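This is a predicted model, so every value here is computed, not measured. Labels below follow one simple rule: chain letters A, B, ... track the order of the sequence lines, proteins then strands, and each chain is numbered from 1.
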Protein chains: 2
Amino acid sequence: MLVRNAADPSARPNSLRELGMISDSNPIISLNEFTYRKGTEIYGEKEPAEYVYQVKLGAVRSYKLLSDGRRQIGAFHLVGDIFGLENGNEHRFTAEAIVDTAVRLIRRQSLELVAEGDAMVARNLLSMTTNNLQHAEDHMLLLGRKTSLERVAAFLIEMDKRLTAAGIMALPMSRRDIADYLGLTLETVSRALSRLHELGILGFIGNNQRQIVLLDKQQLASLDLQN
Amino acid sequence: MLVRNAADPSARPNSLRELGMISDSNPIISLNEFTYRKGTEIYGEKEPAEYVYQVKLGAVRSYKLLSDGRRQIGAFHLVGDIFGLENGNEHRFTAEAIVDTAVRLIRRQSLELVAEGDAMVARNLLSMTTNNLQHAEDHMLLLGRKTSLERVAAFLIEMDKRLTAAGIMALPMSRRDIADYLGLTLETVSRALSRLHELGILGFIGNNQRQIVLLDKQQLASLDLQN
DNA sequence: CGGGGGCTTGAGGCCACTCAACGATAGTGG
DNA sequence: CCACTATCGTTGAGTGGCCTCAAGCCCCCG
(Lines give C-alpha, C1' and ligand atoms only; values in the text may rest on other atoms or scores of the structure.)
Protein backbone atom coordinates (compact mmCIF):
# COMPACT_ATOMS: atom_id res chain seq x y z
CA MET A 1 0.00 0.00 0.00
CA LEU A 2 1.65 3.18 -1.09
CA VAL A 3 0.77 6.80 -0.98
CA ARG A 4 1.62 9.18 -3.72
CA ASN A 5 3.12 12.56 -3.03
CA ALA A 6 3.51 15.27 -5.58
CA ALA A 7 7.18 15.77 -6.32
CA ASP A 8 8.33 19.25 -5.45
CA PRO A 9 10.39 20.47 -8.40
CA SER A 10 12.13 23.10 -6.32
CA ALA A 11 13.55 20.51 -3.95
CA ARG A 12 16.28 18.92 -5.96
CA PRO A 13 17.99 15.94 -4.36
CA ASN A 14 21.34 17.20 -3.27
CA SER A 15 23.09 13.90 -2.86
CA LEU A 16 21.99 12.75 -6.27
CA ARG A 17 23.37 15.96 -7.63
CA GLU A 18 26.61 15.31 -5.84
CA LEU A 19 26.74 11.87 -7.34
CA GLY A 20 26.62 13.43 -10.74
CA MET A 21 23.33 11.85 -11.59
CA ILE A 22 21.72 15.19 -11.93
CA SER A 23 23.43 18.17 -13.41
CA ASP A 24 22.39 21.25 -15.26
CA SER A 25 23.34 19.66 -18.54
CA ASN A 26 21.22 16.65 -17.71
CA PRO A 27 18.50 18.60 -16.03
CA ILE A 28 15.88 15.99 -15.23
CA ILE A 29 16.01 12.26 -15.43
CA SER A 30 12.68 11.18 -14.07
CA LEU A 31 12.16 11.99 -10.49
CA ASN A 32 9.24 10.96 -8.37
CA GLU A 33 8.60 10.62 -4.72
CA PHE A 34 6.64 7.90 -3.02
CA THR A 35 5.66 7.14 0.51
CA TYR A 36 5.41 3.67 1.93
CA ARG A 37 3.63 2.86 5.15
CA LYS A 38 5.39 0.96 7.91
CA GLY A 39 5.80 -2.69 7.03
CA THR A 40 4.95 -2.44 3.35
CA GLU A 41 7.05 -3.86 0.56
CA ILE A 42 8.86 -1.50 -1.77
CA TYR A 43 9.97 -4.22 -4.14
CA GLY A 44 10.34 -7.98 -4.01
CA GLU A 45 13.28 -10.23 -4.69
CA LYS A 46 13.46 -11.23 -8.34
CA GLU A 47 11.12 -8.50 -9.45
CA PRO A 48 12.35 -6.50 -12.43
CA ALA A 49 14.42 -3.57 -11.23
CA GLU A 50 12.77 -0.58 -12.75
CA TYR A 51 13.79 2.03 -10.22
CA VAL A 52 16.63 3.01 -7.96
CA TYR A 53 15.61 4.55 -4.64
CA GLN A 54 16.88 7.11 -2.21
CA VAL A 55 15.54 7.31 1.32
CA LYS A 56 14.26 10.78 2.04
CA LEU A 57 12.60 9.98 5.34
CA GLY A 58 12.31 6.80 7.36
CA ALA A 59 14.20 3.53 7.09
CA VAL A 60 14.22 0.44 4.91
CA ARG A 61 15.37 -3.15 5.34
CA SER A 62 16.67 -5.32 2.48
CA TYR A 63 16.47 -9.06 3.04
CA LYS A 64 16.48 -12.52 1.59
CA LEU A 65 14.27 -15.38 2.72
CA LEU A 66 14.79 -19.11 2.78
CA SER A 67 11.80 -21.20 1.77
CA ASP A 68 11.02 -22.04 5.38
CA GLY A 69 10.93 -18.40 6.42
CA ARG A 70 14.39 -17.84 7.85
CA ARG A 71 15.36 -14.30 7.02
CA GLN A 72 18.69 -12.57 6.52
CA ILE A 73 18.69 -8.80 6.37
CA GLY A 74 21.58 -7.65 4.22
CA ALA A 75 21.39 -3.95 4.95
CA PHE A 76 19.43 -1.16 6.54
CA HIS A 77 18.91 1.93 4.42
CA LEU A 78 18.64 5.17 6.33
CA VAL A 79 17.99 8.76 5.32
CA GLY A 80 20.16 9.70 2.38
CA ASP A 81 21.02 6.12 1.42
CA ILE A 82 20.51 4.90 -2.10
CA PHE A 83 19.26 1.35 -2.53
CA GLY A 84 17.82 -0.96 -5.15
CA LEU A 85 20.75 -0.36 -7.44
CA GLU A 86 21.18 -3.63 -9.27
CA ASN A 87 23.17 -4.12 -12.39
CA GLY A 88 21.27 -7.14 -13.45
CA ASN A 89 17.67 -6.70 -14.42
CA GLU A 90 16.10 -7.91 -11.22
CA HIS A 91 16.25 -7.09 -7.53
CA ARG A 92 18.30 -9.46 -5.41
CA PHE A 93 16.59 -8.50 -2.15
CA THR A 94 13.15 -7.69 -0.93
CA ALA A 95 12.94 -4.14 0.39
CA GLU A 96 10.41 -3.11 3.04
CA ALA A 97 9.71 0.11 4.87
CA ILE A 98 10.58 -0.32 8.55
CA VAL A 99 8.63 2.79 9.48
CA ASP A 100 6.63 5.17 7.33
CA THR A 101 9.14 6.04 4.66
CA ALA A 102 9.47 8.52 1.84
CA VAL A 103 11.72 7.67 -1.07
CA ARG A 104 12.80 9.27 -4.29
CA LEU A 105 12.70 7.16 -7.41
CA ILE A 106 15.03 7.25 -10.35
CA ARG A 107 14.34 5.20 -13.43
CA ARG A 108 17.09 2.66 -13.80
CA GLN A 109 16.95 2.90 -17.55
CA SER A 110 17.61 6.60 -17.64
CA LEU A 111 20.42 6.18 -15.16
CA GLU A 112 22.14 3.64 -17.37
CA LEU A 113 21.62 5.83 -20.37
CA VAL A 114 23.35 8.73 -18.69
CA ALA A 115 26.16 6.54 -17.39
CA GLU A 116 26.88 5.41 -20.91
CA GLY A 117 27.90 8.88 -21.96
CA ASP A 118 29.17 10.34 -18.73
CA ALA A 119 32.30 8.82 -17.24
CA MET A 120 31.76 10.54 -13.94
CA VAL A 121 28.32 9.07 -13.50
CA ALA A 122 29.70 5.68 -14.45
CA ARG A 123 32.47 6.04 -11.90
CA ASN A 124 29.95 6.94 -9.23
CA LEU A 125 27.85 3.90 -9.99
CA LEU A 126 30.95 1.77 -9.61
CA SER A 127 31.88 3.54 -6.42
CA MET A 128 28.46 2.94 -4.89
CA THR A 129 28.55 -0.72 -5.85
CA THR A 130 32.02 -1.01 -4.34
CA ASN A 131 30.77 0.51 -1.10
CA ASN A 132 27.96 -2.03 -0.98
CA LEU A 133 30.47 -4.78 -1.65
CA GLN A 134 32.74 -3.63 1.12
CA HIS A 135 29.85 -3.59 3.56
CA ALA A 136 28.87 -7.12 2.55
CA GLU A 137 32.46 -8.32 2.94
CA ASP A 138 32.71 -6.93 6.45
CA HIS A 139 29.34 -8.42 7.27
CA MET A 140 30.47 -11.86 6.13
CA LEU A 141 33.22 -11.73 8.74
CA LEU A 142 30.70 -10.74 11.38
CA LEU A 143 28.23 -13.47 10.43
CA GLY A 144 30.83 -16.18 10.04
CA ARG A 145 33.11 -15.55 12.97
CA LYS A 146 31.92 -13.12 15.62
CA THR A 147 30.19 -13.93 18.91
CA SER A 148 26.77 -12.54 19.74
CA LEU A 149 28.21 -9.79 21.93
CA GLU A 150 30.69 -8.79 19.25
CA ARG A 151 27.93 -8.66 16.66
CA VAL A 152 25.70 -6.45 18.76
CA ALA A 153 28.64 -4.18 19.62
CA ALA A 154 29.50 -3.89 15.92
CA PHE A 155 25.87 -3.11 15.13
CA LEU A 156 25.74 -0.33 17.70
CA ILE A 157 28.96 1.17 16.41
CA GLU A 158 27.66 1.08 12.85
CA MET A 159 24.35 2.64 13.77
CA ASP A 160 26.04 5.23 15.94
CA LYS A 161 27.98 6.43 12.92
CA ARG A 162 24.90 6.56 10.79
CA LEU A 163 22.07 7.91 12.88
CA THR A 164 23.16 9.39 16.16
CA ALA A 165 21.96 12.93 16.67
CA ALA A 166 22.64 14.87 19.87
CA GLY A 167 24.15 11.80 21.48
CA ILE A 168 20.96 9.80 21.14
CA MET A 169 20.64 6.90 18.79
CA ALA A 170 17.02 6.35 17.79
CA LEU A 171 16.80 2.94 16.22
CA PRO A 172 13.95 2.55 13.77
CA MET A 173 14.15 -1.24 13.70
CA SER A 174 12.89 -3.90 16.09
CA ARG A 175 14.94 -6.48 17.99
CA ARG A 176 13.82 -9.04 15.42
CA ASP A 177 15.19 -6.90 12.59
CA ILE A 178 18.47 -6.49 14.41
CA ALA A 179 18.60 -10.23 15.02
CA ASP A 180 17.97 -11.02 11.37
CA TYR A 181 20.67 -8.56 10.40
CA LEU A 182 23.18 -10.11 12.81
CA GLY A 183 22.31 -13.76 12.25
CA LEU A 184 20.97 -14.18 15.79
CA THR A 185 17.60 -14.54 17.52
CA LEU A 186 15.81 -11.59 19.01
CA GLU A 187 16.26 -13.04 22.53
CA THR A 188 20.01 -13.19 22.08
CA VAL A 189 20.06 -9.58 20.88
CA SER A 190 17.98 -8.51 23.86
CA ARG A 191 20.27 -10.32 26.27
CA ALA A 192 23.35 -8.77 24.72
CA LEU A 193 21.86 -5.29 25.01
CA SER A 194 20.91 -5.95 28.63
CA ARG A 195 24.44 -7.07 29.29
CA LEU A 196 25.88 -3.91 27.74
CA HIS A 197 23.45 -1.95 29.86
CA GLU A 198 24.59 -3.72 33.04
CA LEU A 199 28.18 -3.04 32.08
CA GLY A 200 27.42 0.65 31.91
CA ILE A 201 28.28 0.80 28.25
CA LEU A 202 24.90 2.01 27.09
CA GLY A 203 21.76 3.54 28.50
CA PHE A 204 18.12 3.51 27.41
CA ILE A 205 16.08 6.66 27.13
CA GLY A 206 12.33 7.03 27.39
CA ASN A 207 9.92 4.16 27.55
CA ASN A 208 10.36 2.41 24.29
CA GLN A 209 13.63 0.53 24.18
CA ARG A 210 14.83 1.91 20.89
CA GLN A 211 16.50 5.08 22.04
CA ILE A 212 20.00 4.37 23.15
CA VAL A 213 22.87 6.45 24.47
CA LEU A 214 26.37 5.08 24.12
CA LEU A 215 28.09 5.86 27.39
CA ASP A 216 31.45 4.28 26.74
CA LYS A 217 32.23 4.00 23.06
CA GLN A 218 35.80 3.03 23.72
CA GLN A 219 34.81 0.00 25.74
CA LEU A 220 32.17 -0.82 23.14
CA ALA A 221 34.78 -0.70 20.41
CA SER A 222 37.00 -3.02 22.41
CA LEU A 223 34.23 -5.61 22.36
CA ASP A 224 34.07 -5.54 18.59
CA LEU A 225 37.36 -6.97 17.48
CA GLN A 226 39.38 -5.38 14.73
CA ASN A 227 39.61 -7.21 11.49
CA MET B 1 58.17 -16.25 -1.79
CA LEU B 2 57.38 -15.99 -5.45
CA VAL B 3 58.77 -17.42 -8.63
CA ARG B 4 58.98 -15.49 -11.84
CA ASN B 5 57.88 -16.95 -15.14
CA ALA B 6 58.50 -15.38 -18.49
CA ALA B 7 55.20 -14.24 -19.93
CA ASP B 8 54.42 -15.91 -23.23
CA PRO B 9 53.30 -13.17 -25.58
CA SER B 10 51.56 -15.60 -27.92
CA ALA B 11 49.24 -16.77 -25.17
CA ARG B 12 46.85 -13.89 -24.80
CA PRO B 13 44.40 -14.14 -21.91
CA ASN B 14 41.12 -14.91 -23.53
CA SER B 15 38.86 -13.92 -20.72
CA LEU B 16 40.60 -10.59 -20.31
CA ARG B 17 40.07 -10.04 -23.98
CA GLU B 18 36.44 -10.91 -23.58
CA LEU B 19 36.15 -8.44 -20.77
CA GLY B 20 37.34 -5.75 -23.06
CA MET B 21 40.46 -5.12 -21.07
CA ILE B 22 42.57 -6.12 -23.97
CA SER B 23 41.67 -5.31 -27.52
CA ASP B 24 43.49 -4.61 -30.71
CA SER B 25 43.02 -0.92 -30.22
CA ASN B 26 44.44 -1.19 -26.70
CA PRO B 27 47.01 -3.76 -27.59
CA ILE B 28 48.90 -4.24 -24.34
CA ILE B 29 48.28 -2.85 -20.93
CA SER B 30 51.02 -4.36 -18.85
CA LEU B 31 50.89 -8.05 -18.54
CA ASN B 32 53.08 -10.20 -16.36
CA GLU B 33 52.85 -13.63 -14.98
CA PHE B 34 53.87 -14.78 -11.55
CA THR B 35 53.88 -18.07 -9.74
CA TYR B 36 53.21 -18.45 -6.05
CA ARG B 37 54.03 -21.56 -4.09
CA LYS B 38 51.42 -23.31 -2.04
CA GLY B 39 50.59 -21.35 1.09
CA THR B 40 52.30 -18.09 0.14
CA GLU B 41 50.70 -14.69 0.33
CA ILE B 42 49.89 -12.86 -2.89
CA TYR B 43 48.91 -9.66 -1.15
CA GLY B 44 47.88 -8.64 2.34
CA GLU B 45 44.84 -6.84 3.65
CA LYS B 46 45.32 -3.07 3.65
CA GLU B 47 48.28 -3.22 1.32
CA PRO B 48 48.11 -0.78 -1.58
CA ALA B 49 46.35 -2.41 -4.51
CA GLU B 50 48.80 -2.11 -7.33
CA TYR B 51 47.70 -5.07 -9.40
CA VAL B 52 44.63 -6.98 -10.41
CA TYR B 53 45.10 -10.73 -10.81
CA GLN B 54 43.76 -13.54 -12.92
CA VAL B 55 44.27 -17.16 -11.93
CA LYS B 56 45.92 -19.06 -14.73
CA LEU B 57 46.63 -22.25 -12.81
CA GLY B 58 45.91 -23.28 -9.24
CA ALA B 59 43.59 -21.75 -6.64
CA VAL B 60 43.56 -18.78 -4.27
CA ARG B 61 41.74 -17.96 -1.02
CA SER B 62 40.78 -14.42 0.02
CA TYR B 63 40.22 -13.90 3.72
CA LYS B 64 39.95 -11.52 6.63
CA LEU B 65 41.32 -12.15 10.10
CA LEU B 66 40.16 -11.03 13.52
CA SER B 67 42.89 -9.98 15.91
CA ASP B 68 42.69 -13.28 17.78
CA GLY B 69 43.17 -15.33 14.62
CA ARG B 70 39.61 -16.22 13.67
CA ARG B 71 39.50 -16.33 9.90
CA GLN B 72 36.71 -15.78 7.39
CA ILE B 73 37.37 -16.73 3.80
CA GLY B 74 35.30 -14.54 1.53
CA ALA B 75 35.93 -16.33 -1.74
CA PHE B 76 37.92 -18.96 -3.54
CA HIS B 77 39.42 -17.95 -6.85
CA LEU B 78 39.79 -20.74 -9.39
CA VAL B 79 41.25 -20.93 -12.86
CA GLY B 80 40.01 -18.06 -14.97
CA ASP B 81 38.80 -15.97 -12.03
CA ILE B 82 39.88 -12.38 -11.62
CA PHE B 83 40.57 -11.16 -8.10
CA GLY B 84 42.17 -8.29 -6.24
CA LEU B 85 39.98 -5.79 -8.03
CA GLU B 86 39.43 -3.05 -5.50
CA ASN B 87 38.15 0.36 -6.28
CA GLY B 88 39.71 1.91 -3.27
CA ASN B 89 43.44 2.08 -3.09
CA GLU B 90 44.03 -0.87 -0.83
CA HIS B 91 43.16 -4.54 -0.69
CA ARG B 92 40.32 -5.51 1.60
CA PHE B 93 41.38 -9.15 1.88
CA THR B 94 44.53 -11.13 2.21
CA ALA B 95 45.04 -13.44 -0.76
CA GLU B 96 47.03 -16.68 -0.53
CA ALA B 97 47.83 -19.44 -2.96
CA ILE B 98 46.07 -22.63 -1.83
CA VAL B 99 48.26 -24.74 -4.10
CA ASP B 100 51.07 -23.75 -6.42
CA THR B 101 49.42 -21.06 -8.47
CA ALA B 102 50.17 -19.06 -11.58
CA VAL B 103 48.53 -15.67 -11.99
CA ARG B 104 48.52 -12.91 -14.55
CA LEU B 105 48.96 -9.39 -13.30
CA ILE B 106 47.41 -6.24 -14.65
CA ARG B 107 48.43 -2.87 -13.31
CA ARG B 108 45.45 -1.31 -11.64
CA GLN B 109 46.48 2.13 -12.74
CA SER B 110 46.51 1.26 -16.41
CA LEU B 111 43.17 -0.46 -16.04
CA GLU B 112 41.59 2.64 -14.57
CA LEU B 113 43.14 4.75 -17.26
CA VAL B 114 41.60 2.63 -19.96
CA ALA B 115 38.24 2.51 -18.22
CA GLU B 116 38.16 6.28 -18.20
CA GLY B 117 38.02 6.44 -21.95
CA ASP B 118 36.32 3.20 -22.83
CA ALA B 119 32.73 2.78 -21.73
CA MET B 120 32.77 -0.93 -22.42
CA VAL B 121 35.72 -1.52 -20.14
CA ALA B 122 34.05 0.60 -17.51
CA ARG B 123 30.88 -1.44 -17.85
CA ASN B 124 32.83 -4.64 -17.45
CA LEU B 125 34.50 -3.40 -14.29
CA LEU B 126 31.07 -2.61 -12.90
CA SER B 127 29.75 -5.96 -13.98
CA MET B 128 32.59 -7.81 -12.27
CA THR B 129 32.10 -5.85 -9.08
CA THR B 130 28.39 -6.59 -9.22
CA ASN B 131 29.10 -10.30 -9.56
CA ASN B 132 31.32 -10.16 -6.50
CA LEU B 133 28.61 -8.29 -4.64
CA GLN B 134 25.99 -10.86 -5.57
CA HIS B 135 28.21 -13.66 -4.34
CA ALA B 136 28.78 -11.86 -1.05
CA GLU B 137 25.04 -11.27 -0.63
CA ASP B 138 24.24 -14.92 -1.14
CA HIS B 139 27.03 -15.85 1.24
CA MET B 140 25.61 -13.59 3.94
CA LEU B 141 22.41 -15.61 3.84
CA LEU B 142 24.39 -18.82 4.14
CA LEU B 143 26.52 -17.55 7.03
CA GLY B 144 23.66 -15.94 8.88
CA ARG B 145 20.89 -18.48 8.51
CA LYS B 146 21.85 -21.88 7.17
CA THR B 147 22.63 -25.05 9.13
CA SER B 148 25.94 -26.83 8.80
CA LEU B 149 24.53 -29.44 6.45
CA GLU B 150 22.94 -26.78 4.26
CA ARG B 151 26.21 -24.86 4.12
CA VAL B 152 28.22 -27.86 3.06
CA ALA B 153 25.60 -28.81 0.48
CA ALA B 154 25.68 -25.28 -0.91
CA PHE B 155 29.45 -25.38 -1.02
CA LEU B 156 29.47 -28.62 -2.98
CA ILE B 157 26.93 -27.29 -5.44
CA GLU B 158 28.97 -24.13 -5.93
CA MET B 159 32.20 -26.02 -6.45
CA ASP B 160 30.51 -28.51 -8.72
CA LYS B 161 29.54 -25.70 -11.05
CA ARG B 162 33.01 -24.25 -11.01
CA LEU B 163 35.48 -27.10 -11.11
CA THR B 164 33.94 -30.43 -11.94
CA ALA B 165 35.57 -32.16 -14.89
CA ALA B 166 34.50 -35.60 -16.09
CA GLY B 167 32.16 -35.95 -13.12
CA ILE B 168 34.95 -35.61 -10.61
CA MET B 169 35.31 -32.61 -8.37
CA ALA B 170 38.92 -32.16 -7.29
CA LEU B 171 38.93 -29.72 -4.41
CA PRO B 172 42.15 -27.79 -4.01
CA MET B 173 41.34 -26.60 -0.49
CA SER B 174 41.55 -28.32 2.88
CA ARG B 175 38.72 -28.99 5.31
CA ARG B 176 39.95 -26.04 7.34
CA ASP B 177 39.65 -23.75 4.34
CA ILE B 178 36.14 -25.01 3.66
CA ALA B 179 35.26 -24.48 7.31
CA ASP B 180 36.56 -20.92 7.29
CA TYR B 181 34.61 -20.25 4.13
CA LEU B 182 31.39 -21.63 5.61
CA GLY B 183 31.74 -20.21 9.12
CA LEU B 184 32.15 -23.65 10.69
CA THR B 185 34.94 -25.76 12.20
CA LEU B 186 36.79 -28.33 10.18
CA GLU B 187 35.32 -31.12 12.31
CA THR B 188 31.79 -30.01 11.53
CA VAL B 189 32.60 -29.92 7.81
CA SER B 190 34.08 -33.38 8.03
CA ARG B 191 31.03 -34.73 9.81
CA ALA B 192 28.70 -33.20 7.26
CA LEU B 193 30.65 -34.73 4.39
CA SER B 194 30.61 -38.11 6.13
CA ARG B 195 26.89 -37.80 6.54
CA LEU B 196 26.39 -37.00 2.87
CA HIS B 197 28.58 -40.00 2.09
CA GLU B 198 26.45 -42.27 4.29
CA LEU B 199 23.34 -40.95 2.60
CA GLY B 200 24.74 -42.00 -0.77
CA ILE B 201 24.77 -38.42 -2.01
CA LEU B 202 28.50 -38.28 -2.66
CA GLY B 203 31.45 -40.59 -3.05
CA PHE B 204 35.17 -40.21 -2.48
CA ILE B 205 37.71 -41.21 -5.08
CA GLY B 206 41.28 -42.21 -4.53
CA ASN B 207 43.06 -42.00 -1.24
CA ASN B 208 43.11 -38.34 -0.46
CA GLN B 209 39.70 -37.08 0.56
CA ARG B 210 39.55 -34.16 -1.85
CA GLN B 211 38.22 -35.88 -4.93
CA ILE B 212 34.49 -36.11 -4.76
CA VAL B 213 31.79 -37.45 -7.05
CA LEU B 214 28.29 -36.11 -6.63
CA LEU B 215 26.03 -39.13 -6.95
CA ASP B 216 22.68 -37.46 -6.37
CA LYS B 217 22.73 -33.79 -7.20
CA GLN B 218 18.99 -33.50 -6.92
CA GLN B 219 18.98 -34.70 -3.34
CA LEU B 220 21.96 -32.48 -2.63
CA ALA B 221 20.12 -29.48 -4.00
CA SER B 222 17.12 -30.30 -1.82
CA LEU B 223 19.35 -30.01 1.24
CA ASP B 224 20.37 -26.51 0.28
CA LEU B 225 17.23 -24.47 0.60
CA GLN B 226 16.19 -22.00 -2.05
CA ASN B 227 16.46 -18.40 -1.21
C1' DC C 1 60.84 -45.77 8.90
C1' DG C 2 59.93 -41.73 11.52
C1' DG C 3 57.59 -37.26 11.45
C1' DG C 4 54.02 -34.33 10.21
C1' DG C 5 49.93 -32.78 8.12
C1' DG C 6 45.27 -33.76 6.90
C1' DC C 7 41.07 -36.16 7.90
C1' DT C 8 37.79 -38.71 10.66
C1' DT C 9 35.45 -39.91 14.72
C1' DG C 10 34.12 -39.83 19.61
C1' DA C 11 33.06 -37.55 24.12
C1' DG C 12 31.84 -33.71 26.52
C1' DG C 13 30.88 -28.74 27.00
C1' DC C 14 29.05 -24.29 25.92
C1' DC C 15 26.87 -20.68 23.50
C1' DA C 16 23.04 -19.51 21.18
C1' DC C 17 18.36 -21.28 20.26
C1' DT C 18 13.71 -22.71 21.73
C1' DC C 19 9.88 -22.39 24.48
C1' DA C 20 7.49 -19.95 27.77
C1' DA C 21 5.86 -16.40 30.93
C1' DC C 22 5.38 -11.73 31.91
C1' DG C 23 5.19 -6.58 31.71
C1' DA C 24 4.77 -2.43 29.06
C1' DT C 25 3.01 0.10 25.31
C1' DA C 26 0.29 1.39 21.40
C1' DG C 27 -3.56 0.85 18.67
C1' DT C 28 -8.64 -0.46 18.24
C1' DG C 29 -13.30 -0.41 18.83
C1' DG C 30 -17.24 -0.32 21.85
C1' DC D 1 -12.57 6.72 28.05
C1' DC D 2 -11.50 2.16 28.90
C1' DA D 3 -11.27 -2.81 28.19
C1' DC D 4 -9.37 -5.64 24.62
C1' DT D 5 -5.89 -7.07 21.70
C1' DA D 6 -1.62 -7.22 19.36
C1' DT D 7 3.06 -6.09 19.33
C1' DC D 8 7.35 -5.52 21.38
C1' DG D 9 10.84 -6.36 24.66
C1' DT D 10 12.84 -8.77 28.67
C1' DT D 11 13.97 -12.65 31.31
C1' DG D 12 14.18 -17.53 32.82
C1' DA D 13 14.66 -22.59 32.07
C1' DG D 14 16.02 -26.13 29.35
C1' DT D 15 17.63 -28.03 24.91
C1' DG D 16 20.55 -28.80 21.14
C1' DG D 17 23.76 -27.95 17.38
C1' DC D 18 28.08 -26.84 16.76
C1' DC D 19 32.55 -26.26 19.08
C1' DT D 20 36.42 -28.04 21.80
C1' DC D 21 39.50 -31.41 22.98
C1' DA D 22 41.41 -35.68 22.08
C1' DA D 23 42.75 -39.97 19.87
C1' DG D 24 43.78 -42.50 16.00
C1' DC D 25 44.36 -43.50 10.97
C1' DC D 26 46.24 -42.67 6.49
C1' DC D 27 49.21 -40.73 3.29
C1' DC D 28 53.02 -38.13 1.86
C1' DC D 29 57.69 -37.00 2.21
C1' DG D 30 61.93 -36.78 3.95
Side-chain angles (χ1 to χ4, degrees), chain A residues 37-39 61 66 68-72 96 98-100 142-153 155-156 170-199 202-212 223, chain B residues 37-39 59 61 66 68-72 98-100 142-153 155-156 170-199 202-212 223:
Chain A
R37 293 218 179 284
K38 173 179 174 173
R61 56 182 169 243
L66 293 176
D68 63 357
R70 280 174 283 172
R71 183 177 69 157
Q72 179 63 45
E96 278 176 6
I98 296 175
V99 294
D100 290 356
L142 180 149
L143 293 171
R145 289 302 180 213
K146 290 188 180 176
T147 66
S148 63
L149 200 62
E150 289 166 352
R151 295 182 200 207
V152 171
F155 170 76
L156 290 172
L171 299 175
M173 71 289 284
S174 68
R175 297 296 190 259
R176 171 167 295 282
D177 287 337
I178 298 171
D180 285 348
Y181 180 59
L182 299 178
L184 299 169
T185 60
L186 65 93
E187 292 95 333
T188 298
V189 170
S190 179
R191 280 184 243 271
L193 288 172
S194 297
R195 182 120 166 267
L196 294 173
H197 184 55
E198 287 166 21
L199 291 170
L202 61 82
F204 293 101
I205 295 185
N207 37 19
N208 74 17
Q209 255 63 354
R210 297 194 187 178
Q211 280 166 269
I212 293 178
L223 293 178
Chain B
R37 293 218 180 283
K38 173 177 174 173
R61 57 181 169 244
L66 293 176
D68 63 357
R70 280 173 283 172
R71 183 177 69 157
Q72 179 63 43
I98 296 175
V99 295
D100 289 356
L142 179 149
L143 293 171
R145 288 302 179 214
K146 291 187 181 178
T147 67
S148 63
L149 200 62
E150 289 166 352
R151 294 182 200 208
V152 171
F155 170 75
L156 290 172
L171 299 175
M173 70 289 284
S174 69
R175 298 295 191 260
R176 172 167 294 282
D177 288 336
I178 298 171
D180 286 348
Y181 180 59
L182 299 178
L184 300 169
T185 60
L186 65 92
E187 293 94 333
T188 298
V189 170
S190 179
R191 280 184 244 271
L193 288 172
S194 296
R195 181 120 168 266
L196 294 173
H197 184 54
E198 287 167 22
L199 292 170
L202 62 82
F204 294 102
I205 294 185
N207 35 21
N208 75 17
Q209 256 66 351
R210 297 194 187 178
Q211 281 167 267
I212 292 178
L223 292 178

**Asked** Among residues 185-194 of chain A, which contact DNA chain D at a heavy-atom distance under 4.0 Å?
**Response** L186(A), E187(A), S190(A), R191(A), S194(A)
**Request:** Consider the side chain of L184(B), meaning its heavy atoms from C-beta on, and name the nucleotide among dT25(C), dC7(C), dC18(D) that approaches it most closely.
**Result:** dC18(D)
**Message:** Return the NZ to CG distance between K146(A) and L182(A), rounded to the nearest 0.5 Å.
**Reply:** 10.0 Å
**Request:** Using whole Å, report how far NZ of K38(B) lies from P of dG5(C).
**Result:** 11 Å
**Fill in**
Whole-Å distance, M173(B) CE to dG6(C) P, equals 14 Å
**Request:** Check whether any side-chain N or O of R175(B) sits under 4.0 Å from OP1 or OP2 of dG5(C), and answer yes or no.
**Result:** no
**Message:** Distance check needed: dG6(C) P versus Q211(B) CD, whole Å only.
**Reply:** 17 Å
**Prompt:** How many angstroms lie between atom CG of N208(A) and atom OG of S174(A), to the nearest 0.5 angstrom?
**Reply:** 12.0 Å
**Request:** Starting from the first five and the last five pairs of the helix from dC1(C)-dG30(D) to dG30(C)-dC1(D), work out the angle between the resulting helix axes, to 10 degrees.
**Result:** 30°
**Asked** With side chains defined as the heavy atoms from C-beta onward, is the minimum distance between L196(A) and L156(A) less than 4.5 Å?
**Response** yes
**Message:** Can you see if the side chain of S174(B) gets near the phosphate of dG6(C) - specifically, an N or O under 4.0 Å from OP1 or OP2?
**Reply:** no
**Message:** Regarding G183(A), tell me which of base, sugar-phosphate or nothing describes its non-hydrogen contacts under 4.0 Å with the strands shown.
**Reply:** sugar-phosphate
**Asked** N207(A) near the nucleic acid: base, sugar-phosphate alone, or nothing, with a heavy-atom cut-off under 4.0 Å?
**Response** sugar-phosphate
**Request:** Calculate the interatomic distance between L149(A) atom CG and dC14(C) atom P; express it in whole Å.
**Result:** 18 Å
**Asked** Rounded to the nearest Å, what distance is computed from the CG atom of residue D177(A) to the C1' atom of nucleotide dC8(D)?
**Response** 11 Å
**Prompt:** When all nucleic acid strands are considered with a 4.0 Å heavy-atom cut-off, which category describes R195(B): base, sugar-phosphate, or nothing?
**Reply:** nothing
**Message:** When you compare the side chain of R151(B) with that of T188(B), does any pair of heavy atoms fall below 4.5 Å?
**Reply:** no
**Length of the CG-C1' vector between N208(B) and dC29(D), whole Å** = 15 Å
**Asked** For the atom pair CZ (R210(A)) and CE (M173(A)), what is the distance rounded to the nearest 0.5 Å?
**Response** 9.0 Å
**Asked** Roughly how many Å is it from CZ in R70(B) to P in dC15(C), rounded to a whole number?
**Response** 12 Å
**Request:** Output the distance between atom CD1 (I178(B)) and atom OG1 (T185(B)), rounded to the nearest 0.5 Å.
**Result:** 12.0 Å
**Prompt:** Which whole-number value in Å describes the distance from L196(B) CG to dT8(C) C1'?
**Reply:** 15 Å
**Asked** How many angstroms lie between atom CG of L193(A) and atom CD of Q209(A), to the nearest 0.5 angstrom?
**Response** 9.5 Å
**Complete:** Interatomic distance, CG@L184(B) vs CZ@R176(B), rounded to 0.5 Å, equals 12.0 Å
